[in-house]
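A short worksheet on the structure shown next.
We name chains A, B, ... by the order of the sequence lines, and we start the count at 1 in each one. These values consider heavy atoms only, across backbone and side chains, with no hydrogens, waters or symmetry-generated copies.
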Number of protein chains: 2
Amino acid sequence: MTTLMDVAERAGVSKSTVSNVIRGTTMVAEETRLRVQRAIAETGYHPNAIARSLKARTSSAIGIVVPDLTNPFYAQLAVGVERAANALGYAVLTANTECLPETEEQAARAWIERRVDGVIIGGMALASTLPKILLDRDIPVILASLGEFDDPRLGVLDHDDAAAMEAIVAHLYGLGHRRLAFVSDHLREHAGERRYLGFKAALKKRRLVPIAIDDGATAVVAHNDMQAIATIDRLERRGLKVPDDVSVVGFDDIPLASHSRVQLTTVRSDAVEMSRRAVDLVIKAARANRTVSHREFLDVQLIVRATTARPRK
Amino acid sequence: MTTLMDVAERAGVSKSTVSNVIRGTTMVAEETRLRVQRAIAETGYHPNAIARSLKARTSSAIGIVVPDLTNPFYAQLAVGVERAANALGYAVLTANTECLPETEEQAARAWIERRVDGVIIGGMALASTLPKILLDRDIPVILASLGEFDDPRLGVLDHDDAAAMEAIVAHLYGLGHRRLAFVSDHLREHAGERRYLGFKAALKKRRLVPIAIDDGATAVVAHNDMQAIATIDRLERRGLKVPDDVSVVGFDDIPLASHSRVQLTTVRSDAVEMSRRAVDLVIKAARANRTVSHREFLDVQLIVRATTARPRK
DNA sequence: CTGAAAGCGCTTACAG
DNA sequence: CTGAAAGCGCTTACAG
């Protein structure tokens, strides 16, 4: 690979001068500049970002952790993060953790060694140590779509889950449902807990309590669209019809939710907008050399489609 | 951040010695080793991978380009690549290009600057310059699921598309279909072309030619599952029934394909196995300082489900 | 077994 | 306007 030195020699100038024309920050004589630019073109020189990083003491890279890239919501989040980060000259390292603590810690270690400038967490284990590990090394962290947290050093970006659950329950209650269940991957995912709390609160307001899905529920609210879709599959394989026997509601409004075969009633959450904000916040914090400490809740909108209906009789 | 120097001072030894105990390659006196390890633990030292990379002249990072992470096949490919690469101590940089030449070139530039050790391409524009740009800088490149290529420096890993298309057409022909169409994002995606060729060849064997989907096709073969699912949506919104009016076949067997509401007839392709092989090949090539130059075609299996049936009368 | 020194490829004051 | 020099945080022969 050609180096700055190669270019300098070819152009008959010093390394400093080549560096100056590349960064365009210092004055360089027109003629010299042209000579250097020609040398760059001729050698096909690309600056070595690793050397630059070492000197600059920043990697210009951020990390993003998602529980499952196969879930289109997280895929959109990852794509959004990538796009926004690239636009700012940052690379992104993805970690698909499946909310496994061990995988989370491995990712943390790798990222610390690679000196990522910040981390966006889209999902993590229930009592995850991830944020603390990172924050203790002064790496800014923002939680996207994960709810609030005790640590004040943590940035938080989320949907208004309480409002969303209230809207869902109101919709179901209005249709006549009184036996409602909630499904989520409790054990693994942190966010599940939170939406469940909102769900319970909305039920309580109507003097109801959650029941188990197998306990004769006429409606089930899922933690997200993928789980709603999996629930439909499970119900239908048992011979139950959706929505005739059971209504199902999701969360996210992934592209598939509006498919003719699915037509899922759900709540729209804007993964792209969320990722854009997250990248912005985390990079701003990194540059200012502080934590994010910003909390924001995005609005959310109920989309009624064809998986919810009045309960039988 | 603590550096090697900090640890050395704390342990009262030289940088070399600290480096030696960390890498465990040189003999170090037991007592010294313990002192150094204690100093590492006390300071929470993590080696700076950037400095190490600069010295080693490799980034220990690879790139992967996918057209659309939202397609579960590519998500699985990306996850598989990540897992396999991490296990070998490599980081992975993802580029979601949507097969846009400009985005591809941007990714190439960023990756060259960051000195990635190799690149896996899961999809690219039709006349993409991506492979050449990379190969010309001696970065090993492997094409996954993209067909063969003229450049002998390119590694190739693919499914046996011709066999797959033959199996699909045989199945459809056996059911009585004679008016078959193929759908794909021709214009953008490179791989589409190839599967279409296999499709045409299989038809020709039966003295048939492809017709347009709107030309009274009784069966349509899609380039992949996501396009098959989108096709079902489009057909059903027009009031046609699948498979009663039109049969539909996909490619990939993404998890959704077996869903009760979809039950797509498709061909199974193993994204995870493919990604594992790809990572292995590209990293091996990188370490040996040569290109991949390996061609391999994975077997494929037709899965008949409920989107294919005998044509009407 | 241990350490001084050079060097990976850049950037950045600072002289001139 | 240009260049010599120091330094980012490591590794790696090489002396001792």
Side-chain angles (χ1 to χ4, degrees), chain A residues 1-37 39-40 43-61 89 110-117 137-138 289, chain B residues 1-37 39-40 43-61 89 109-117 137 289:
Chain A
M1 275 267 169
T2 59
T3 70
L4 196 66
M5 196 56 208
D6 298 329
V7 176
E9 279 174 1
R10 183 167 198 124
V13 297
S14 74
K15 292 190 302 175
S16 317
T17 300
V18 177
S19 179
N20 286 336
V21 352
I22 287 173
R23 290 174 307 113
T25 146
T26 317
M27 294 277 84
V28 175
E30 178 69 6
E31 192 212 355
T32 320
R33 197 166 55 67
L34 288 170
R35 232 177 36 245
V36 170
Q37 281 170 342
I40 289 174
T43 54
Y45 172 68
H46 283 258
N48 182 328
I50 295 172
R52 187 176 281 179
S53 282
L54 180 59
K55 182 69 187 165
R57 297 150 135 285
T58 48
S59 59
S60 290
W111 287 348
I112 289 170
E113 294 193 351
R114 287 179 190 270
R115 301 292 191 266
V116 294
D117 293 334
R137 310 201 104 70
D138 296 320
N289 225 312
Chain B
M1 277 268 168
T2 59
T3 71
L4 197 66
M5 196 57 208
D6 298 329
V7 176
E9 280 174 1
R10 182 166 200 124
V13 297
S14 74
K15 292 189 301 175
S16 316
T17 300
V18 178
S19 178
N20 285 338
V21 350
I22 288 173
R23 291 174 306 113
T25 146
T26 317
M27 295 276 85
V28 175
E30 178 69 4
E31 193 211 355
T32 320
R33 197 166 52 68
L34 287 169
R35 231 174 40 244
V36 170
Q37 281 169 342
I40 289 175
T43 55
Y45 172 68
H46 282 257
N48 182 328
I50 296 171
R52 189 177 279 178
S53 283
L54 180 59
K55 183 65 187 172
R57 297 151 136 282
T58 48
S59 59
S60 291
R109 202 169 331 121
W111 288 348
I112 290 170
E113 294 192 350
R114 286 178 190 270
R115 301 294 190 264
V116 294
D117 293 334
R137 310 202 104 69
N289 225 314

| Between A:Ser19 and A:Ser16, do the side chains contain an N or O donor and an N or O acceptor separated by less than 3.5 Å? | no

Assert: residue with more 5' nearest nucleotide on DNA chain C, out of B:Val28 and A:Asn20, is B:Val28

When rounded to whole Å, the CG to C1' distance for the pair A:Asn48 and C:dG7 reads 14 Å

Side-chain contact check for A:Lys15: nearest option of D:dC1, C:dT11, C:dC8 is C:dT11

inquiry  = Base, sugar-phosphate or nothing for B:Thr32? Non-hydrogen atoms, less than 4.0 Å.
reply    = sugar-phosphate

In whole angstroms, the gap separating C1' of D:dT11 from CD of A:Glu113 amounts to 15 Å

Rounded to whole Å, the CE-C1' distance (B:Met5 to C:dG3) equals 11 Å

Which of D:dC10, C:dT2, C:dC10 is nearest the side chain of B:Ala29? It is C:dT2

Of all heavy-atom pairs linking A:Ala39 and A:Ala11, the shortest is CB-CB, 3.9 Å

| said: Looking at B:Thr3, I'd like to know whether one of its side-chain N or O atoms comes within less than 4.0 Å of OP1 or OP2 on D:dG9. | reply: no

Atom CZ of A:Arg52 and atom C1' of C:dC8 are separated, to the nearest Å, by 16 Å

Which of A:Asp6, A:Val36, A:Leu4 passes side chain to side chain contact (heavy atoms under 4.5 Å, CB included) with A:Tyr45? Answer is A:Leu4

Whole-Å distance, B:His46 NE2 to D:dC10 P, equals 12 Å

When rounded to whole Å, the NZ to P distance for the pair A:Lys55 and C:dT11 reads 10 Å

With both pairing distances under 3.5 angstrom for Watson-Crick or G-U wobble, and | for a partner in another strand, the correct string for DNA chain C is |||.||||||||.|||

note: A:Ile50, atom CD1; D:dG7, atom P; distance rounded to Å ~ 23 Å

Picking from D:dC8, D:dC1, D:dG3, the nucleotide nearest the side-chain atoms of A:Thr17 would be D:dG3

Worksheet item: Can you check whether A:Arg23 has a side-chain N or O nearer than 4.0 Å to OP1 or OP2 of C:dT12?
Response: yes

Here the pair of heavy atoms bringing B:Thr32 nearest to B:Val28 is CB-CG1, 3.9 Å

Closest to the 5' end of DNA chain D, once B:Leu54 and B:Thr25 are matched to their nearest nucleotides, is B:Leu54

Is any side-chain nitrogen or oxygen of B:Ser19 closer than 4.0 Å to OP1 or OP2 of D:dT11? yes

Heavy-atom nearest pair, B:Arg33 first then B:Val21, reads CG-CB, 4.1 Å

To the nearest 0.5 Å, atom CZ of B:Arg109 lies from atom CZ of B:Arg114 at 13.0 Å

Per atom distances to the A:Ala51 side chain, the nearest of D:dT2, C:dC10, D:dT12 is C:dC10

Minimal heavy-atom distance between A:Leu54 and B:Ile50, with the atoms involved, is N-CG2, 3.7 Å

To the nearest angstrom, the CG-P distance between A:Leu4 and C:dT12 comes to 12 Å

With a 4.0 Å cut-off on heavy atoms, is A:Ser16 in touch with a base, just the backbone sugar-phosphate, or nothing at all?
base

Taking C:dC10, D:dC10, D:dG3 as options, the one with an atom nearest any side-chain atom of A:Val13 is D:dG3

When every non-hydrogen atom of B:His46 is compared with those of A:Arg115, the smallest separation belongs to O-NH2, 2.9 Å

